[in-house]
Student: 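The structure is given below, and queries will be raised subsequently.
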Amino acid sequence: MKDEKLLSKWILGELSPEEEKLFKKSVEYSQYAKIWDALPEVATPPQLGLDDELKRFWKERNARPQSKVVRLTWSRQLVGIAASLLLIGIFSYLLFQNSFTQTEDMVVSASHVPIYLPDSSTVVLNKGSKVAYSEEGWAENRSVSLEGEGFFVVKKGSTFDVMTTNGRVTVLGTSFNVKQQRDFLRVVCYEGRVRVKTANHNVELSAGKGFQLVEESTTSFDLSPGQNPDWMDGKSSFLKTPLYVVLAELETQYDISVETNGVNLESTFTGSFPNDNLKIAIEAISTPSGYHFQINNNKVLITREGE
Amino acid sequence: MTVNNKDVCKEKVFNEIFKSNAQDLFNFLHYKYQDEDQAKDLVQDVFGKLWDNCKKVTIEKARGYLFVVANNAMKNILAKKSTALKHQAYLESSNSSVENPQFIMEEEEFKDRLNQALSALPEEQRVTLLLKRIEGKKQKQIAEILGISEKAVEKRLQKAMTTLRQRLGNVL
């Protein structure tokens, strides 16, 4: 115990002369000193090319201008009138069609970095997705609208709703993933519990359970253990998912457009594709069904065999 | 000073913040992930987050904000893999030298081994140690950056050094 105290005081440069004498007599001293002396050479990071990095920053920013936060200027006035805000909240909930409501003053679409919600819960968005919420009206309207896919980690004890065009997910627990695309909705609960409410269904999911809605048919599934959704690990995974949803995800991940000829878009796909290798991704989708594909710049054509 | 000169949403102001903080931030992320490309990408992401939230963050708070975001940043699967590989390489190499106690390390090899042992340290211990040793940060400053107590900083520093010494025992 005494030695440890001496060690940490030595690291912090707080040894008295007597203590220093004592410490230098110890067997370990020369070993600690050797490590300490070698650390700068081993671990000093390289110099960053500041100008290059700054150039790269603006280049990538300008390539996706939509990632800038849009604050709607009239929102403050709305928030001021609590009653009307509440009314609009209820109204838009009833309408349910347009998930991005007027009460939301924050729209964020930055992908793959944690976005902090007003209650310090976080959401990480997949590429091409966005969330909107009301920062100033959070106390009255604890809801987040989602287009696309997001992984939510909810602060303990906090509650809010995630609104999508296909249904509402109520937080009862701590971490879950929501994917929405046209008439497709998939919710997977990783920790705690969540409730999913759609026009015709009301399901409560516990940890390790998933729920999927395609038009009006639903599937429930168990997921294999793992802490994060696959997309956070650079993969897009699907279970009995219509091909049009899978191809739309491919378009989003690679910024390409996909055309098909003779392909049954309603047929389902189970499997996954990487988000950083287009050729392997298309092969993963087309090979199991025996489809052929061609890649031309940013266009992909998928055809049925023999056509 | 006019308000405009302090508006983080002004490109000029933002560029200044970038230039005066990017290297420190990069170093921090480099300590954290031990990977140059990864750290560079994360620097981009973290500044992207600042730009996205430029209306909410004052110029005085910008630096603190950047470090909080960096501290919470996530690495992708590739980084996890490469770290896992390093760990494995470390374990294999340490086994081989256990089998050959007479093995004498050259200077370069010692540094290699130190590097591996450093990568194998728990992330928070490595970051704490290198903020102290490379950046020369004070205990209090480290506590602020990492959002932990000064006592915890001391504990991590001491643990990191003890672990390094134990792992390198046969080559010291």
Student: Need one label for B:K159: side chain, backbone, both or neither, based on atoms under 4.5 Å from any heavy atom in chain A.
Tutor: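 Answer is neither: B:K159 stays 4.5 Å or more from chain A.
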Student: Considering only heavy atoms, which portion of B:I134 lies under 4.5 Å from any heavy atom of chain A: side chain, backbone, both, or neither?
Tutor: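 Side chain only.
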Student: Is B:E36 close to chain A through its backbone or its side chain, or both, or neither, when contacts mean heavy atoms under 4.5 Å?
Tutor: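 Contact with chain A is through the side chain of B:E36 alone.
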Student: According to the salt bridge (Lys or Arg N to Asp or Glu O under 4.0 Å) rule, which pairs have a member within residues 129-143 of chain B, sequence neighbours left out?
Tutor: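 Residue pairs with at least one partner in residues 129-143 of chain B: there are none.
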Student: Do the two ring centres, one from A:Y133 and one from A:F160, sit under 6.0 Å apart?
Tutor: no
Student: For B:L130, is it the side chain, the backbone, both or neither that has a heavy atom under 4.5 Å from a heavy atom of chain A?
Tutor: side chain
Student: Are the aromatic ring centres of A:W58 and B:F14 under 6.0 angstrom apart?
Tutor: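 Centroid distance A:W58-B:F14: below 6.0 Å, so yes.
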Student: Please tabulate, for side-chain N and O atoms in residues 34-44 of chain A, each donor-acceptor pair with protein atoms closer than 3.5 Å (sequence neighbours left out).
Tutor:
from: A:E41; atom 1: OE1; to: B:K111; atom 2: NZ; distance (Å): 2.8
from: A:E41; atom 1: OE2; to: B:K111; atom 2: NZ; distance (Å): 3.0
from: A:T44; atom 1: OG1; to: A:P40; atom 2: O; distance (Å): 2.4

